[in-house]
Amino acid sequence: MNTKLPKFVLIGLMVIFMLPLKALAGEVEVLHWWTSGGEARSVAVLKDLLEKEGHTWKDFAVAGGGGDTAMTVLRSRAVSGNPPTAAQVKGPQIQQWGDEGVLTNLDDVAKAGSWDKLLPKVVADVMKYEGHYVAVPVNVHRINWMWANPAVFRKAGAEIPTTWEEFEVAAKKIQKAGFIPVAFGGQNWQEATVFESIVAGVGGSDFYRKTMIEANPTDLNSPTMIKCLKMFKNIKQYTDKNAPGRDWNLATAMVIKGEAAMQFMGDWAKGEFTAAGKTPGVDYVARPVPGTSEQFLFNIDSFIMFEVKDKSAKQAQKAMARLMLEPTFQEVFNVNKGSIPCRLGMSRVAFDDVALRSMNDFIASAATENLVPSMAHEMAVFPAVRGAIFDVVTNFYNSDMSAERAAKSLASEVAAAK
Ligand code: BGC
């Protein structure tokens with residue numbers, strides 16, 4: 001018997017067998033704010049993994065570090081009844097979206113992937129709305145880092161500081177040698193990022209909790225807060241005149257190029273050094289912000305998924321949710337992003353010394369109650385309170401307002417926003 005089938009039958013059979021696959025392949029429109037060099041490399045990992053499974057990635061990138069612009073755009077898309085499939089949203093805002101009843105329940109994906117076992121409880125709790133998974137975490141970022149260019153320090157005869165007193169001495173030497181001591185981006189979220197690290201270091205973790213998490217008016221208007229505000233403002237004299245409005249990654253580039261000595265920024269900055277081919281410990285040095293070696297201010301990036309009707313879009317959405325917690329993505333993404341995996345039990349082999357320090361400090365700080373969520377990065381308070389803190393901090397930094405008055409306004413503005 002001739003077993004050879006005519007060509008048209010073969011093609012027909014191939015089409016039939018491919019049909020189910022095709023039908024499951026859907027599109028995800030993903031809103032995020034990862035547009036810097038390091039961030040773009042990181043998000044591309046997810047896009048590639050999804051596309052390998054046959055799905056289509058529709059990129060909805062909204063530039064703007066810290067994500068405030070992205071959140072405004074997301075609101076307007078949701079209000080007009082046309083939200084994207086998935087959006088980068090974190091912290092208490094996940095609960096606010098949950099309240100609106102527009103999120104997809106991801107419990108089946110979570111169950112199949114044993115998320116309750118893979119994720120530390122503190123992380124899993126943030127991802128759940130009324131006990132159901134509605135968001136997927138991708139990483140843990142540490143906020144209180146200082147990125148230093150050792151060559152600049154050497155040329156200036158200065159030491160990389162671990163205390164604010166040492167910072168003062170080093171910054172003066174660096175300035176004298178003709179370099180910019182601090183690469184600074186004058187945008188409210190960047191100012192708040194530096195400010196909250198100072199609050200944690202100068203005031204201690206309990207004071208941080210009282211002010212940046214509980215937003216207690218008495219502590220906000222206190223001598224310790226005045227001290228923190230003064231310390232924060234003191235940095236300004238060591239920044240350059242082009243700082244206002246500068247994007248965070250351009251500030252990082254100043255350290256990379258050796259124009260500036262250091263930057264205070266979360267470890268997404270490491271993604272820029274990595275993308276530029278730089279080696280930690282050689283081309284750059286990462287240390288906790290002066291006075292914060294015990295502390296770990298954390299921030300967890302996560303994605304919420306909106307309800308979709310289309311079956312294939314649903315499949316693509318679930319595939320995205322699943323992939324984000326699989327080891328392949330967790331490793332490659334976090335190596336590129338500068339963060340550490342949020343999933344427990346990952347191999348540490350691919351990670352550099354900075355990431356390893358983060359991993360160890362994450363555990364150590366949790367044991368000593370020095371692991372605190374970031375206010376600036378939407379992990380600690382609702383947006384209205386965060387907005388009130390941002391306004392006062394940025395007005396104080398960019399005017400001649402006294403620290404005493406700023407502390408008073410912090411208390412009153414926050415009380416009004418609560
Ligand atoms: C996010 C990071 C991001 C950074 C700068 C932070 O709030 O958590 O993922 O890289 O903002 O945009």
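Ligands are counted one by one from 1 in listed order, and the atoms in each one are counted from 1 as well.
- Relative orientation of the Phe306 and Trp97 rings is perpendicular, given thresholds of 30° and 60° on the angle between their planes.
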Acceptor/donor pairs from residues 173-182 side chains to any protein atom, 3.5 angstrom cut, sequence neighbours excluded:
residue: Lys173; atom: NZ; partner: Gly157; partner atom: O; Å: 3.3
residue: Gln175; atom: NE2; partner: Gln237; partner atom: O; Å: 3.0

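- Heavy-atom proximity to Asp301, at under 4.0 Å, picks out these atoms of ligand 1: 1 (C), 2 (C), 8 (O), 9 (O).
- Atom 5 (C) of ligand 1 has Glu39 OE2, 3.3 Å as its closest protein atom, hydrogens excluded (heavy atom only).
- Among pairs with a residue in residues 318-328, those fulfilling side-chain hydrogen bond (donor to acceptor under 3.5 Å, both in side chains) read Glu53-Arg322, Asp108-Lys318, Arg322-Glu326, at least two apart in sequence or across chains.
- Under a 4.0 angstrom heavy-atom cut-off, Gly67 registers as lying outside contact with ligand 1.
- Note on ring orientation: taking the six-membered ring where Trp is involved, the planes of Trp164 and Phe167 are perpendicular (angle over 60°, cut-offs 30° and 60°).
- With 3.5 Å as the limit, one finds a donor-acceptor pair spanning the side chains of Tyr238 and Glu168.
- Among protein heavy atoms, the minimum distance from atom 6 (C) of ligand 1 is reached at His377 ND1, 3.4 Å.
- The shortest N/O to N/O separation between Trp34 and ligand 1 falls below 3.5 Å.
- Within the 4.0 Å heavy-atom criterion, neither part of Glu378 lies near ligand 1.
- With ligand atoms numbered from 1 in the order given, ligand 1 contributes 12 (O) to contacts under 4.0 Å with heavy atoms of Gly65.
- Ranking the protein heavy atoms by distance from atom 2 (C) of ligand 1 puts Lys337 NZ, 3.4 Å first.
- Here is the list of ligand 1 atoms found below 4.0 Å of a heavy atom in Gly66: 5 (C), 7 (O), 11 (O), 12 (O).
- The salt bridge (Lys or Arg N to Asp or Glu O under 4.0 Å) test with Asp116 is passed by exactly one of Lys128, Arg343, Lys121: Lys128.
- Each of the following atoms of ligand 1 lies closer than 4.0 Å to a heavy atom of Asn299: 1 (C), 6 (C), 7 (O), 8 (O).
- Within the cation-pi definition used here (under 6.0 Å to the ring centroid, within 45° of the axis), Lys236 does not qualify as a partner of Phe184.
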